[in-house]
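Before any comments, here is the structure.
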Amino acid sequence: MKIRNKILLVVLVVLLYNGILVNLAWYNSSNRMTDKYLTDISQSAMQDAYQAFEYLFVDTSYMATMISLNKKNIVSPVKNLKEKEIKTQRGQWNQEYLKNKRVISDYIASMNGYKYYIVGITIVVDSNCVFSTSSLTQNHDEIYHNILKLDQEQLQKNIILMDPIHVEGGKSTLSSDYVVPVVRAVLDKKRQPIGYVVLYFDYGVIEKMFAANLPEGSHFQVINGNRSIIFSNCGDEILNAEKPEKGFIYNTFEADNVDWKFTMALPSQYYIKDINHTVYTTVSMMIVLLLAAAVLAVIVVSKMTAEILNLRNTMLMVSSGNLDVSYEVKSKDEIGQIGKTFNHMVVHIRELMNKISEEEEQKRLVEIAFLEAQINPHFISNVLNNVIWMAKIQHADNIVPLVKSLNTMLQNVMHQEHDLIPLKDELEYLDNYLRIVEYSGSYDFTLEKDIDENTQDLLVLRFILQPILENAIYHGLPQGLDKEGKITISAHIIESKLILTVEDNGEGMTDQQITFILEEQVKDRKHFNGIGIPNVKERIQLFFGKEYGLAYESKLGRYTRAVFTLPVITPGENNGVQYALTEKTEGERDVKD
């Protein structure tokens, strides 16, 4: 079956399947939509009611605070009543009591009506001294002891709303038979309660506030922390949101600052009719859209598969080896992006092939140069002249170490079938080289080695240390007699990399000199090895990658340090490069012996 027919079959099956699912799932969807809608409505209604109440609550708190902090008319008179004698010997109120009572009564009378929903103000000093602006005052002992039961620390900071109280004949002057007492402490200089301000909140205002804009048949209830009903439009039974009544959706909200809990139950049927109508309309529209989508899918799939066919033909040409072809991008969709990516991939493959070819050619040239430049005939001639000269003037015993070192180095050069050797063999190669240098009269320096034991058997490229050491001996050491020459060779594993350093204590180099020595190929063939420092750096990067190589650090007048950064390669590791084992061949053992 062609891909066009497969895609069309899949699209039509998916459209048909989705159409069936839409028609079967509409009832569940309508229920979920109803629940979500009712939840949002109930939350919004509760938030609106509470925000309106909170506005009044803040105003009431401000008014209670303003009264309780009035030093002249409240704090001082209350303190006087608390501390001074206010009765005569006959038990009658004396002038002190009457004077302070007049100050308090006049002040709270002036504040009465300050807020339309505050229908009374009372100042409570104790059970004997209670002053009120209206007839709403409870029994003095009752109100005083009820206040003492409240959280006194909270009263010092904020107001507390008490349970609603019934007022006989309240509707003649109020909008309800109930009022809600609001209490705030009057504090002395030591922040200790000496009395209390009681504001009476008109309960009818709360009723209008909470009952407004509720859907018909809704239940709304407000209870305090003592589970006393503050407001209810559904009787005296407390609503339980955990066991909702059938046909209602419940929502609750807890106001921490007044310790009130709001519970709302909205009738589901109130909204189901409109939502169901919306669902039916949506289902009908979905069916029409699915049919239109089926027709559109046929057109789009036919066009899309034609582009895929063109892209396939282009790919077949590339797979046959023709890398000069290119796909003609006609659109900006995914197929067009695939085509652009394919064109980029073909170009990248072409570039990679050219790059690999160039790198292989470069590597071959470097290896050829490396093989050609191993031993300098001029150097060998000088060494042999030294041997002849020593043989003439001595009994020839001293030349044995020199000849052995020379033969060992020649053996190392001749056995070059391996690219990698253990670090200890490379260091042994340096020892032989230094023995030859010592006999040549150039060994006027001290040598120190700082080689970690766990680096001895790690594999490194052969012949990378000797050119750097030779450069340090002939160009890096101090030239005068006032400073003893010193060369330090170290090997450590740092951050999972093998770090080799060759450091001298000579005059150092400038940044320009370091750049020159790392880039300029060796033209002077008078030294033992014709391998240049740039050649060493290039070999390392050709074998291991650009993150490895050779760098120089230097400080004028103090030191020059060559730093090798190499991978940690252990014998037997599959690294794609041949390496030599530390076991010597039979011919090499003969030379050493």
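Start at 1 with the first residue, then count along the sequence. Please read these numbers as outputs of a predicted model, since none were measured by experiment.
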Main-chain N/O of Met66 paired to Asn70 side chain as donor or acceptor, under 3.5 Å:
no
Any donor-acceptor pair under 3.5 Å from Gln513 side chain to Thr510 backbone
yes
For Ala185 versus Ser68, what's the shortest heavy-atom pair and its separation?
O-CB, 3.5 Å
Non-hydrogen side-chain atoms of Ile451 and Gln456 separated by less than 4.5 Å:
yes
State, with a plain yes or no, whether a side-chain heavy atom of Ile487 is found less than 4.5 Å away from one of Glu448.
no
Answer yes if the side chains of Thr570 and Asp457 hold a donor-acceptor pair under 3.5 Å, and no otherwise.
no
Residue pair Gln466 / Glu470, side-chain donor-acceptor N/O under 3.5 Å
yes
What I'd like to find out is whether the side chain of Phe463 reaches to under 4.5 Å of the side chain of Val536, using heavy atoms alone.
no
Does Ser61 use its side chain to pair, donor to acceptor, with the backbone of Phe57 at less than 3.5 Å?
no
So if I apply the side chain to side chain donor-acceptor pair (under 3.5 Å) rule between Ser490 and each of Thr501, Asp452, Asp450, which one comes out positive?
Thr501
Nearest heavy-atom pair of Pro478 and Gly485: which atoms, and what distance?
CD-CA, 3.8 Å
How long is the gap from CG on Leu556 to CD on Glu507, to the nearest 0.5 Å?
9.0 Å
Do side-chain atoms of Lys483 reach the backbone of Asn505 as a donor and acceptor pair under 3.5 angstrom?
yes
For the pair Tyr552 and Met509, evaluate side-chain contact (heavy atoms from CB on, under 4.5 Å) and give the outcome as yes or no after the intermediate values.
CA-CA 9 Å; Tyr552 269 89; Met509 294 189 295; 3.7 Å; yes
If we ignore angles and hydrogens, is there a donor and acceptor under 3.5 Å between the side chains of Ser554 and Arg561?
no
Could you tell me whether the side chain of Leu518 reaches within less than 4.5 Å of the side chain of Ile533, counting heavy atoms only?
yes
Can you find a heavy atom in the side chain of Val563 that is under 4.5 Å from one in the side chain of Val502?
no
If you compare all heavy atoms of Ala562 against all heavy atoms of Ile468, which two are closest, and at what distance to 0.1 Å?
CB-CG2, 3.4 Å
Would you call Arg184 and Leu155 a side-chain contact if the rule is heavy atoms closer than 4.5 Å?
no
Looking at His348, I want to see if its NE2 is surrounded by more than 12 non-hydrogen atoms of other residues, nucleotides or ligands under 6.0 Å.
no
For a side-chain contact (heavy atoms from CB on, under 4.5 Å) check, start with the C-alpha distance between Gln154 and Asn158, then their side-chain angles and the critical distance, and finish with the verdict.
CA-CA 6 Å; Gln154 180 66 21; Asn158 204 346; 3.5 Å; yes
From CE (Met317) to OG (Ser326), nearest 0.5 Å:
10.5 Å
Check whether more than 12 heavy atoms from other residues, nucleotides or ligands sit under 6.0 Å from atom CZ of Arg350, and answer yes or no.
yes
Under 6.0 Å from the ring centre and within 45 degrees of the ring axis: does the NZ or CZ of Lys497 meet both conditions for the six-membered ring of Tyr548?
yes
Shortest non-hydrogen pair, Ile517 vs Asn471, comes out as CD1-ND2, 3.4 Å
Does Arg191 offer a backbone N or O that forms a donor-acceptor pair with the side chain of Asp188 under 3.5 Å?
yes
Supply the atom-to-atom distance Phe564 CZ to Leu465 CG, rounded to the nearest 0.5 angstrom.
5.0 Å
Is Leu423 close to Leu500 at the side-chain level, that is, under 4.5 Å between some pair of heavy atoms?
yes
For the atom pair CG (Asp431) and CD (Glu426), what is the distance rounded to the nearest 0.5 Å?
11.0 Å
Given the rule in the side-chain contact (heavy atoms from CB on, under 4.5 Å) test, do Leu458 and Ile493 qualify, once you have shown the distances and angles that lead to the verdict?
CA-CA 10 Å; Leu458 297 182; Ile493 296 178; 3.8 Å; yes
Any side-chain heavy atom of Phe342 sitting closer than 4.5 Å to one from Val346?
yes
Any chance you could lay out the side-chain contact (heavy atoms from CB on, under 4.5 Å) test for Phe543 and Leu461, step after step, and finish with the verdict?
CA-CA 9 Å; Phe543 274 91; Leu461 277 173; 3.8 Å; yes
How many angstroms lie between CD1 in Ile349 and NE2 in His344, if you round to the nearest 0.5 Å?
10.0 Å
In Å and rounded to the nearest 0.5 Å, what is the NZ to CG distance from Lys340 to Asn343?
9.5 Å
side-chain hydrogen bond (donor to acceptor under 3.5 Å, both in side chains), that's the test. Do Asp504 and His475 meet it? Break it down for me.
CA-CA 10 Å; Asp504 63 66; His475 302 289; over 6 Å; no
Shortest non-hydrogen contact from Pro422 to Leu459?
N-CD2, 3.7 Å
